[in-house]
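Per chain, numbering begins at 1; letters A, B, ... match sequence-line order.
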Number of protein chains: 2
Amino acid sequence: MAKYLNQKPILVAVDCIIFGYDGEHLKLLVIKRAIEPIKDQWSLMGGFVGENEDLNGAAKRILLELTGLHDVYLEQFCAYGNPERDPIERTISIAYFALIDINKYSKQINDQYHAEWFKLKEIPALIFDHDEMVRSALAKIRYQAALHPILFELLPKKFTIPQLQTLYEQVYDSPIDNRNFIRKITASGLLIKQTEKDKSSSKRGAFYFKLDRQKHRSQFQSFLNFIR
Amino acid sequence: MAKYLNQKPILVAVDCIIFGYDGEHLKLLVIKRAIEPIKDQWSLMGGFVGENEDLNGAAKRILLELTGLHDVYLEQFCAYGNPERDPIERTISIAYFALIDINKYSKQINDQYHAEWFKLKEIPALIFDHDEMVRSALAKIRYQAALHPILFELLPKKFTIPQLQTLYEQVYDSPIDNRNFIRKITASGLLIKQTEKDKSSSKRGAFYFKLDRQKHRSQFQSFLNFIR
DNA sequence: GCAAAAGTGTTTTCTATACACCCATGT
DNA sequence: ACATGGGTGTATAGAAAACACTTTTGC
């Protein structure tokens, strides 16, 4: 087969910016590199794209290796290609953000990576351009979440309105009026009220809701304006 | 310097989806490949990322080669990495869309590429996954233009409201009420009315406007909702 | 005088926002 | 009985949408 001549191939990596929410705080999952080079520094979870792998496939694989999770919400948001970004060897990186239900994550599955969750305001310095990736992943999530119902991906199947509201407040780092919030959320028709309550965080208890998966899919592209 | 071992590098290309507007129709610029392999087929303008070049730099260079233009609005929107996407050799491609003032473009500058403008509904089949790139570039532009004032990039320095409205109608492929359109546009405060008129398209003539570059920059991130 | 495109206002509906109190329950 | 978090309604202001006629002027 013919080949392109005189072109220099480049290493291609995928990095995952993994967000989780524990019902109280929005958190980022990072790993401490256990191997040289640059051992013991905090880093995003990443890896090289394999020979017969597409980009999404590589991102899924990497996420599976770290978290043990399939079927995670993953979105490609930027390619980084500064020639100096990785001092070891020229590498371009395709960045994905992932939104996972933190309750499904179990550390044990892959503690070979020394993964750790950090609250957004307590993230340590990361290698390479990973700090910038985190900043722009967060900006992208704010942008997307203002228009599309993506934050449900961070919640368990059953969740309460106060949990959901706190999540939005975390993402936008600002308080939300809860009457207006409930009005918008219920107007969206995306939630199905359950009969059980979560009594873990108050005496009265808060009703559980489930996401209406069908409506969620069909309304995903319509702009929702949850936040302004 | 230490290197990553056992990793297979991949060719990295940039492809530009170049949109232009002639005051009447939104158009796409494509080239007829003059060289083997796959000679004489329609293609987007692309090229490989150089050894000391970042991704935006490569996109700018490629755009300059084809159009002779600097300072073009360019936005990276997706990386394509299917292992089969380029049958000649494994290549990943970082796709950018460009919005250019078609009046500034002059064919002569680089007719080595046999470039040609096509109306959106008359685009020929393109090689590789370029058809898909065009589709998603257009979707991205619709998305962006609904929220940010990017379509001015397609217009000359002085333009008329009817031209602007026709542009929006082309992008969204749907008619817009011109009283409501003018209200929104003037409310945005982005336009500065000129004293001259464009008499080329009507007897009465339409006033020229200029973009208020300062406001344009400062309001870029605020969501404008030009279209719903 | 007429054809062709530019420009102009009003009404109605909907959506966003601001705001404060009662409810249910475990201790 | 009281402390804690959950849940509820209304009034106002602003934005979007629907809608049709008059103006200018070159021919």
Side-chain angles (χ1 to χ4, degrees), chain A residues 22-25 142 145-149 155 158-170 172 174-210 219 222-228, chain B residues 22-25 142 145-149 155 158-170 172 174-210 219 222-228:
Chain A
D22 60 8
E24 229 180 323
H25 293 285
R142 284 176 173 162
L147 303 169
H148 307 285
L155 292 164
K158 291 178 186 178
F159 52 87
T160 68
I161 302 267
Q163 281 169 1
L164 182 64
Q165 182 174 339
T166 307
L167 172 54
Y168 273 90
E169 290 173 334
Q170 295 277 318
Y172 292 98
S174 69
I176 297 173
D177 179 281
N178 89 306
R179 285 164 293 186
N180 293 335
F181 182 75
I182 290 171
R183 184 177 307 111
K184 278 192 191 183
I185 288 290
T186 54
S188 77
L190 289 173
L191 298 193
I192 305 169
K193 193 172 190 171
Q194 306 302 110
T195 49
E196 321 105 86
K197 283 182 165 186
D198 166 29
K199 311 270 281 186
S200 69
S201 65
S202 76
K203 294 155 192 168
R204 183 178 177 177
F207 279 104
Y208 279 118
F209 288 80
K210 276 188 183 173
Q219 291 185 21
S222 60
F223 293 5
L224 289 171
N225 276 317
F226 279 135
I227 299 300
R228 175 161 290 268
Chain B
D22 60 8
E24 228 181 324
H25 293 286
R142 285 175 172 164
L147 302 169
H148 307 284
L155 291 165
K158 291 177 186 179
F159 52 86
T160 67
I161 302 267
Q163 280 169 2
L164 183 63
Q165 180 174 341
T166 307
L167 172 54
Y168 273 90
E169 290 174 332
Q170 293 278 317
Y172 291 100
S174 68
I176 297 174
D177 179 281
N178 89 306
R179 285 164 292 186
N180 293 334
F181 182 74
I182 291 171
R183 185 177 305 113
K184 279 193 191 184
I185 287 291
T186 53
S188 76
L190 289 174
L191 297 194
I192 304 169
K193 193 172 190 168
Q194 306 303 110
T195 49
E196 320 105 88
K197 284 183 164 186
D198 167 29
K199 310 270 281 188
S200 68
S201 66
S202 75
K203 293 155 192 169
R204 182 178 178 177
F207 280 104
Y208 279 117
F209 288 78
K210 274 189 184 173
Q219 291 184 21
S222 60
F223 292 4
L224 290 171
N225 276 315
F226 278 135
I227 299 300
R228 178 164 287 271

When all nucleic acid strands are considered with a 4.0 Å heavy-atom cut-off, which category describes A:Thr160: base, sugar-phosphate, or nothing?
nothing

Whole Å only: how far is the CG atom of A:Asn180 from the C1' atom of C:dA20?
13 Å

Nearest to the side chain of B:Lys199, heavy atoms from C-beta on, is which of D:dA18, C:dA6, D:dT25?
D:dT25

In whole angstroms, how far is the C1' atom of D:dA15 from the NZ atom of B:Lys184?
9 Å

Please give, in whole Å, the distance from C:dA6 P to B:Asp177 CG?
15 Å

From OH (B:Tyr208) to CG (B:Asp198), nearest 0.5 Å:
4.0 Å

NZ or CZ of A:Lys193 within 45° of A:Phe207 ring axis and under 6.0 Å:
yes

Rounded to the nearest 0.5 Å, the CD1 atom of A:Ile161 sits from the CG atom of A:Asn178 at a distance of 9.5 Å

Is it the case that the base of C:dT10 and the side chain of B:Arg183 share a donor-acceptor contact (distance under 3.5 Å, atom types as modelled)?
yes

Is the shortest side-chain heavy-atom distance between B:Ile185 and B:Leu190 below 4.5 Å?
no

Separation of atom CD in B:Gln163 from atom C1' in C:dA6, rounded to whole Å
13 Å

Hey, could you give me the OH/CD1 distance between B:Tyr168 and B:Ile176, rounded to the nearest 0.5 Å?
8.0 Å

For atom CD1 of B:Ile161 and atom P of C:dA6, their distance in whole Å
11 Å

Could you check how far CG of A:Asp198 sits from P of D:dT4, rounded to whole Å?
18 Å

Within the 4.5 Å heavy-atom criterion, are A:Lys199 and A:Arg204 side-chain neighbours or not?
no

Given atom CD1 of B:Ile185 and atom C1' of C:dT8, what is their separation to the nearest angstrom?
16 Å

Would you say the base of C:dA6 and the side-chain of B:Asn178 have a donor-acceptor pair closer than 3.5 Å?
no

Among the nucleotides D:dC19, D:dG6, C:dA6, which one has an atom lying closest to any side-chain atom of B:Arg179?
D:dC19

Any side-chain heavy-atom pair of A:Thr186 and A:Phe181 under 4.5 Å
no

Can you tell me whether the side chain of B:Arg204 and the base of C:dA6 have a donor-acceptor pair closer than 3.5 Å?
yes

Which of the following nucleotides, C:dA5, D:dC19, D:dA3, is nearest to the side chain of A:Lys203?
D:dA3

Separation of D:dG7 P from A:Tyr208 OH (nearest whole Å):
12 Å

Rounding to 10°, can you tell me the angle the first-five-pair axis of the helix from C:dG1-D:dC27 to C:dT27-D:dA1 makes with its last-five-pair axis?
10°

